[in-house]
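Only a predicted model underlies this, so the values are computations on that prediction, with no experimental measurement involved. Basis for what follows: all heavy atoms, side chains included, without hydrogens, waters or symmetry-related copies.
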Amino acid sequence: MDLQPSPSGRSSTVGRISSFSVADSGGQTLSSVLNNPHAGKLEASWGWWSVAPPEFTPLTSTKAACDLTRSDFQSYVSSISDSYYRFEDIRNHTTKEQTLDVDNIGEALVACLREVPALYFKEDFALEDGGTFRAACPFTDVSENIILQEKLSHYLDVVELHLVKEISLRSNSFFEAQGQLQDLNVKIVEGCNRIRDLKETIRLVDTDLVDSARQIQELNASRTNLLALQHKLKLILSVNQALSALKLLVASSECAGALDIIDDLQHLLDGDELSGLHCFRHLRDHVVTSIDSINSILSAEFMRASIHDKGDKDSVILLKAKARASISLNGEDVGVNLDEEETTNFRDRLLPLIIGLLRTAKLPFVLRTYRDTLTADMKTAIKTAVAELLLVLVGQPPESDMGAEHTVDADGGGLSLASKLRSLSSGSFVQLLATIFKIVQAHLVRAAEVKRAIEWVMCNLDGHYAADSVAAAIALGAMVAESSQESNGQGGALPLSASLRSTSKVLSSPGKGSDAISPSNLSKNFRADVLRENAEAVFAACDAAHGRWAKLLGVRALLHPKLRLQDFLSIYNITQEFITSTEKVGGRLGYSIRGTLQSQAKSFVDFQHESRMTKIRAVLDQETWVEVDVPDEFQAIVSSLFDSEAIVSGSKDNAESNMTESYSNEGSQVGSVAQNEPTDSSSTTAVNAAQGKAEVIERKKSDAVTSSQSNNSNTKERGKNATQTLEYGGVSYHMVNCGLILLKMLSEYIDMNHLLPALSLEVVHRVVEILKFFNTRTCQLVLGAGAMQVSGLKSITSKHLALASQVISFIYAIIPELRQILFLKVPEPRKSLLLSEFDRVAQDYKVHRDEIHTKLVQIMRERLLVHLRGLPQIVESWNRPEDADPQPSQFARSLTKEVGFLQRVLSRTLHEVDVQAIFRQVVVIFHSQISDAFSRLEIGTPQAKDRLHRDITHILGCIRSLPSDNSNNSATPNWGQLDEFLAQRFGAEAS
C-alpha cells in the first residue's frame, strides 16, 4: 500500500533508521514497527491506518558503524514516539476489555431484560390468551400494527444479539471443561485397571501367607473367651452367694456385715464385670432396696435407743407430782442424770448405729427425723402431764386471794383445759410448772447425752478401737453426700449408685481432684453437717419446751398481773430457772419464752402500777388532811428500806456473781454443762429462791419492827409518844393517811425492783410517775383548795397546810435514798436520763414545800391586813374621855392571838427550821405593815398616845416571842421597823 505523509508534516527519521539491516547497517522494516496482533480491532476502533506512515529515505552515514551512539537514533525515536505510545494504549485497552468480558458474563442477559419488557419473559406467556394479546399488541389501526411488528423484531434482534454474546463469552469455558472431562475419563479407566491388579495380588498373598496365621489367632481368641466365661460364671456364683448372705443379714438386722457385702456388690456394679449379664439386671435395685432396709433398721434402732428406751421417768415424775411430793425441799427426787457406767453403755450402744448411718450418709437425715420425733415426744409428754395433773390440782381448795379466779361453765358442765388452767391457784400452777420442768429436764438430759455421744464419735475417738472405722465411714459418707447433692434431686438408685461410683473414683485418684473437693475437705464439711444437725435437734427440743411453757403462761396472761408479788415471783422465778436450764442444754437463747416472760412481767408491773395509781387517787380525793398515828409497820418499812443499803448492795453482788457463774459455760459444749447440773430438782431451787427472796424482805421488815418497838419503849420512858411521828434520818415527820399509803406503795415498788431486776427500768419509770402524780394532786387539793370540793372540807387551814408540808418534806427527804436503791438494778446507759427525771421530781417537791410555806405567810399577811382595815375605828375610840381600859386594844389582842395560834400549830407540826423561816417572813411583814399603819394615824390626845404605846408594846412582845434565827444580828429578838417607830415616837427609853 502507498505510504502517506505524516499529518504533522514533519519528516520522520524512523524510515531512515528502519532501512538499516540488523546485521550490517541496523535498518528496520515497517512490519517490525507496526506488528500488532489486534490490527483488525485497532483499524476498526482506533483508525490506525488513518495516520500516514512516515517517509523513508535512504540514510547516508558518514561514520562507521562502530562509531554509532544513542544520540544518532534520537531523531528516529522522536518520530515514532507518538505512534508507539498509541500502540501501547491500544494493547492495554484490549487486555482490559478481554478481562471485563470475562467478568461481565451474564450482564448481557440482564441488559436484555432491561430493554425487552418483562411481559415477554413470563412462563405463561401465550398470545392466544386474550389478556396477554391485548397487552402485547395494543394497536388500533394498520400504522400502529406496523410499528408494533418493527418493535417486536427489534426485541428479537436484541435477544439474539445478547444470546450470541453470552454464548461467545462462555464457549472457551465449555470446551475447556469438555477437555477436562475427557482427561478424567482416561484417568478413571487407568485407576480401575490398577485396582483390579492389586486385588489379584492380595488374593494370592492371602492364600499363601495369611490363612494359617489367622487360624492361630482365632483359636487364641476362643481360649481367651472361654477363660472369661469361666471367670464370669465364678463371679455369678459369688454374687448369688452374696445376695443370699445379704438377705439373711438384713433379716437378722446385722447391719455392719450387710453394709460390707453391699460395698462389695456396689464396687462390682460400678465396674464393667457385670455389664451385659441379663441375670443381674435387677441387682442394683436389690442393692438399693437392701440399703433402704438397713437405713430403716438403723434409724428405728437409733430412735429406740435415743428416745423410747429412757424408761418410765415421766410416769414416775407424774406419780410423785400427784402425791404432792415432786417439789421436795430436801432435794430428794427422781434422778434424771446418767452415771458414768450408764453413759459408757449408752455410747457403746449408739456407736455401731452411728457408724452404719455414716457409711450410708443418712445420719443427717436421721438426725432431722430424730429432731422431729424428739420435739413431738416432748410436746406429748407435756400435754399428758398437764392433762393428768389438772385432774388432781383442780380439785384442790382455792386460795383466798384467788377465789375470784375460779370460774365454772354456766351450764354446770366440765371446764375446758384453758379454763382449768385459769382456775388453778398460783401455788397449784407453780406445782404444775415444777412437774413440767422436771419432765422436760428428763427429756433434755437424754437428748444432751445423745448429743454428747455423737460429738464423741465424730470428734473424740482418738485411740479408740473404732477410730479407723469411724474415719472411713465419715469419708465414705462425705463422698456419698456430695454426690447426692450433685445429682440435684434425682431419686431412687441413681443418686446412690452415682455417689458410690464417684466415691470410688475420687478415692482411687486423690491427686487429680482440686482442693475444694478433696476427701479431707468433704469429710470436714460432712462432719460439720452432722454436728450442726445434732445441735439443731437439741435446740429444737428446747424450743418446743419453751413454746409449751409460754403457751401455759399465755393461757393465764390475764390472771398473772393481778397476783400478789410473792405469787407472781414464784411463777417468774421458776420460769427464769427453766429458761436458764434449757438454754444451757440447747446452747442458744430462747427469745420467744423470754419475750413472753418479759411481757407478762411488764403487764404485772403495769397492772400493779395502775391499781396503785387508782388507789392513791381515791385516797387523795378522800383525804381530810388530819394527822394520824404512825403504825409500827410503816416505821419498819422506813427502817428496812432506807437503813439496809449494805444488805441490798450485798444481794446485788451475790446476784451478779450467780448470773456470771450461770452463764460462764454458755458457749461450751452441752455435755460438760449437763454433767455439772445438780442432782436435785431445779424447779425446787427456783421455788426456794423465790421464797427465800420474799423471806429476806419480810425478815428485814420484822427486824425493823422489833427495833422500832424497842425505840418506842425508850422514847416513851422519856415522855415522848414516838408513834405520832415517822422517824427518818433523825427527823420526825407528822403524817396523814395518804402519805403512809404512798410510803407503803413505794416499798412495794422497791420490792418489785429487787425481785424483778429485769424490769427495774419499768419500775423506776412507774415510781417517777406516781411521785409526780402525788405531788401534783396534793398541790391541787391543798394549795388549790380542791379538797373543799372532793373531801368536804369547809376550809383549808394552816393545820392542813402544815401537814401537807410535812408529807411533801418526807417524800422529798427520801427521794435521794429511793433513787439510790432503785438504781442498783438499772443498766448504766439508762441511768443518766432517769437521774434527770428524779432530779426534776425532787425539785418539784421542794418548790411545792416552799409554796406551802409561802401560803402560810400569805395567810398571816391577809389576817394582818384584815385587822389593819378596822384600826381607824379603834383609834377614834381612843380619843374618847370615857375610854379608860388599861388593856391593849381589840386590834392588838386579836392579832397577837392569831399569831400565837399559828405559832402553836406550826411548832407542833413543822420542823423548827421551817417554823423559823416562816415566822421570819411574818415578822418582817408585821414590822413593815404595822409601822406604816401606825405612822398614818392621827394621835391628838395623851390618852390616845398611851393606848398606842400599849398596843405597840403588846405587839412587839408577841413578835419577840416568835421563833427566829436572829438574822439581823440584833440583841433584841426580831428587831424591826416597829421598834424604830416606837423609839421615834416615844423615845429610846420607852423602846
Engineer: Would you please say whether a donor-acceptor pair under 3.5 Å links the side chains of Arg840 and Gln843?
Structural biologist: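 The answer is no; no qualifying pair exists.
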
Engineer: Looking at every non-hydrogen atom in both residues, tell me the closest pair between Ala545 and Ile382 and how far apart they are.
Structural biologist: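 Between these two residues, the closest heavy atoms are CA-CD1, 4.2 Å.
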
Engineer: Hey, does Trp549 have a side-chain heavy atom less than 4.5 Å from the side chain of Val440?
Structural biologist: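 They are not in side-chain contact.
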
Engineer: Going by atom types only, do Gln608 and Arg612 share a side-chain donor-acceptor pair under 3.5 Å?
Structural biologist: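 Result is yes, a qualifying pair exists.
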
Engineer: Where is the tightest heavy-atom contact between Arg371 and Ala540, given as atom of each residue plus distance?
Structural biologist: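 Heavy atoms only, the tightest pair is CG-CB, 3.3 Å.
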
Engineer: Could you walk me through whether Lys744 and Glu633 pass the salt bridge (Lys or Arg N to Asp or Glu O under 4.0 Å) test, one step at a time?
Structural biologist: CA-CA 9 Å; Lys744 177 68 174 178; Glu633 174 189 358; 3.1 Å; yes

Engineer: How close do Pro561 and Ala557 get, heavy atom to heavy atom, and via which atoms?
Structural biologist: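 So the minimum-distance heavy-atom pair works out to CD-O, 3.0 Å.
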
Engineer: Around atom CG of Leu835, are there more than 12 heavy atoms of other residues, nucleotides or ligands at under 6.0 Å?
Structural biologist: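 Enclosed: over 12 neighbouring heavy atoms sit under 6.0 Å from CG of Leu835.
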
Engineer: Can you give me the closest heavy-atom contact between Lys379 and Ala544, atom names plus distance?
Structural biologist: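 Residues Lys379 and Ala544, closest heavy atoms: CE-CB, 4.0 Å.
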
Engineer: Is any side-chain heavy atom of Leu756 less than 4.5 Å from a side-chain heavy atom of Lys825?
Structural biologist: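 With C-beta onward as the side chain, the pair stays apart.
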
Engineer: Any chance you could lay out the ring pair (Phe, Tyr, Trp, His ring centres under 6.0 Å) test for Tyr728 and Tyr733, step after step, and finish with the verdict?
Structural biologist: CA-CA 8 Å; Tyr728 172 70; Tyr733 295 91; 7.1 Å; no

Engineer: Measure the spacing between CG of Leu822 and NE2 of His765 and express it to the nearest 0.5 Å.
Structural biologist: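 Atom-to-atom, Leu822:CG and His765:NE2 are 11.5 Å apart.
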
Engineer: Ignoring hydrogens and angles, tell me if any N or O in the side chain of Ser423 forms a donor-acceptor pair with the backbone of Lys420 under 3.5 Å.
Structural biologist: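 Yes; at least one donor-acceptor contact below 3.5 Å.
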
Engineer: If you apply the rule salt bridge (Lys or Arg N to Asp or Glu O under 4.0 Å), what do you find for Glu610 with Lys615, and how did you get there?
Structural biologist: CA-CA 8 Å; Glu610 291 298 328; Lys615 182 177 180 180; over 6 Å; no

Engineer: Using atom types as modelled and distance alone, determine if a side-chain donor or acceptor of Ser836 lies under 3.5 Å from a backbone N or O of Leu833.
Structural biologist: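 Pair found, side chain donor or acceptor close to backbone of Leu833.
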
Engineer: Anything under 30° is parallel, anything over 60° is perpendicular, the rest tilted; go ahead and classify His560 against Phe568.
Structural biologist: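 Perpendicular: the ring planes of His560 and Phe568 meet at over 60°.
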
Engineer: With a 4.5 Å cut-off on side-chain heavy atoms, are Leu834 and Leu761 touching?
Structural biologist: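 SC-SC contact between Leu761 and Leu834 confirmed.
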
Engineer: Is the side chain of Thr596 donor-acceptor paired with the backbone N or O of Ser592 at a distance under 3.5 Å, no angle test?
Structural biologist: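 At least one qualifying donor-acceptor pair exists.
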
Engineer: Search all heavy atoms of Met303 against all heavy atoms of Thr369 and return the closest pair with its distance.
Structural biologist: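 Closest approach of Met303 to Thr369: CE-C, 3.4 Å.
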
Engineer: Nearest 0.5 Å, please: how far is CD1 in Ile571 from CD in Gln566?
Structural biologist: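 Answer rounded to 0.5 Å: 12.5 Å.
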
Engineer: Quick one: do Val841 and Asn775 satisfy side chain to side chain contact (heavy atoms under 4.5 Å, CB included)? Show the steps, please.
Structural biologist: CA-CA 9 Å; Val841 171; Asn775 184 50; over 6 Å; no

Engineer: In terms of the angle between their ring planes, are Phe437 and Phe578 parallel, tilted or perpendicular, with boundaries placed at 30° and 60°?
Structural biologist: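 The rings of Phe437 and Phe578 stand perpendicular, inter-plane angle above 60°.
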
Engineer: What's the verdict on ring pair (Phe, Tyr, Trp, His ring centres under 6.0 Å) for Tyr572 and Phe604, showing C-alpha distance, side-chain angles and the deciding distance?
Structural biologist: CA-CA 11 Å; Tyr572 180 86; Phe604 173 79; 9.2 Å; no

Engineer: When you measure from the side chain of Glu623 to the backbone of Cys738, do you find a donor-acceptor pair of N or O atoms at a distance under 3.5 Å?
Structural biologist: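 Answer holds: yes.
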
Engineer: Would you call Leu424 and Leu390 a side-chain contact if the rule is heavy atoms closer than 4.5 Å?
Structural biologist: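 Of all side-chain heavy-atom pairs linking Leu390 with Leu424, at least one is under 4.5 Å.
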
Engineer: If you round to the nearest 0.5 Å, how far is OG1 of Thr582 from CG of Asp543?
Structural biologist: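 That separation rounds to 9.5 Å.
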
Engineer: Counting only N and O atoms by type, is there a donor-acceptor contact under 3.5 Å from the side chain of Asp567 to the main-chain atoms of Ser426?
Structural biologist: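 No, Asp567 side chain to Ser426 backbone: no donor-acceptor pair under 3.5 Å.
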
Engineer: List the steps, then state whether side chain to side chain contact (heavy atoms under 4.5 Å, CB included) holds for Met613 with His609.
Structural biologist: CA-CA 6 Å; Met613 288 290 290; His609 175 68; 3.4 Å; yes

Engineer: Quick one about Ser419 and Ser416 (side-chain donor to acceptor, distance below 3.5 Å, no hydrogens or angles considered), yes or no?
Structural biologist: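 Note: Ser416 and Ser419 side chains meet the donor-acceptor criterion.
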
Engineer: Please lay out, stage by stage, how Glu583 and Arg594 fare under the test side chain to side chain contact (heavy atoms under 4.5 Å, CB included).
Structural biologist: CA-CA 11 Å; Glu583 285 177 349; Arg594 284 183 176 273; 2.7 Å; yes

Engineer: I'd like to know if the side chain of Glu762 and the backbone of Val605 have a donor-acceptor N/O pair within less than 3.5 Å.
Structural biologist: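 Not at all, since once roles are kept as given, no pair shorter than 3.5 Å links the two residues.
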
Engineer: Kindly say whether Phe823 contributes a backbone atom to a donor-acceptor pair with the side chain of Lys831 at under 3.5 angstrom?
Structural biologist: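 Yes; judged by distance alone, with no hydrogens or angles, the pair exists.
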
Engineer: Is Ile811 close to Leu818 at the side-chain level, that is, under 4.5 Å between some pair of heavy atoms?
Structural biologist: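 The answer is no, as the side chains (C-beta and beyond) never meet within the 4.5 Å cut-off.
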
Engineer: Are Arg617 and Gln622 close enough that some pair of their side-chain heavy atoms sits under 4.5 Å apart?
Structural biologist: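 Arg617 vs Gln622: side chains apart.
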
Engineer: Take a 6.0 Å sphere around CZ of Phe607 and say whether it holds more than 12 heavy atoms from other residues, nucleotides or ligands.
Structural biologist: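 It does: Phe607 CZ has more than 12 such atoms within range.
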
Engineer: Working to the nearest 0.5 angstrom, can you tell me the gap between Asp751 CG and Leu565 CG?
Structural biologist: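 The distance works out to 6.0 Å.
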
Engineer: Please lay out, stage by stage, how Lys772 and Glu769 fare under the test side chain to side chain contact (heavy atoms under 4.5 Å, CB included).
Structural biologist: CA-CA 5 Å; Lys772 287 181 178 180; Glu769 183 179 352; 5.8 Å; no

Engineer: With salt bridge (Lys or Arg N to Asp or Glu O under 4.0 Å) as the criterion, how do Arg532 and Glu536 come out once you've worked through the C-alpha distance, each side chain's angles and the decisive distance to 0.1 Å?
Structural biologist: CA-CA 6 Å; Arg532 181 178 63 253; Glu536 286 292 334; over 6 Å; no

Engineer: Can we call the ring centroids of Tyr845 and Tyr812 under 6.0 Å apart?
Structural biologist: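 No.
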
Engineer: So does Arg368 have more than 12 non-hydrogen atoms from other groups sitting under 6.0 Å from CZ?
Structural biologist: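 Atom CZ in Arg368 is packed in, count exceeds 12.
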
Engineer: Return the minimal non-hydrogen interatomic distance between Gly739 and Val807, and the atom names on each side.
Structural biologist: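 Nearest heavy atoms, Gly739 then Val807: CA-CG1, 3.9 Å.
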
Engineer: Is Arg556 positioned over the aromatic face of Phe429, cation under 6.0 angstrom from the ring centre and no more than 45 degrees off axis?
Structural biologist: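 Because its charged atom sits under 6.0 Å from the ring centre and within 45° of the axis, Arg556 does stack over Phe429.
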
Engineer: Does Ala376 offer a backbone N or O that forms a donor-acceptor pair with the side chain of Thr380 under 3.5 Å?
Structural biologist: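 Judged by distance alone, yes, a pair lies under 3.5 Å.
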
Engineer: Within the structure provided, determine whether Glu533 and Leu363 are in side-chain contact (heavy-atom separation under 4.5 Å).
Structural biologist: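 Glu533 does not reach Leu363 side chain to side chain.
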
Engineer: Output the distance between atom CD (Gln576) and atom CD1 (Ile593), rounded to the nearest 0.5 Å.
Structural biologist: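 If I round to the nearest 0.5 Å, the distance is 9.0 Å.
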
Engineer: Any side-chain heavy atom of Val386 within less than 4.5 Å of one from Thr435?
Structural biologist: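 In short, these two side chains do not touch, never coming nearer than 4.5 Å.
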
Engineer: Between Ser428 and Ser425, does any side-chain donor sit less than 3.5 Å from a side-chain acceptor?
Structural biologist: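 Ser425 and Ser428 do have a side-chain donor-acceptor pair below 3.5 Å.
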
Engineer: Which value, rounded to the nearest 0.5 Å, describes the distance between Leu620 atom CG and Ile616 atom CD1?
Structural biologist: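 The CG atom of Leu620 sits 5.0 Å away from the CD1 atom of Ile616.
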
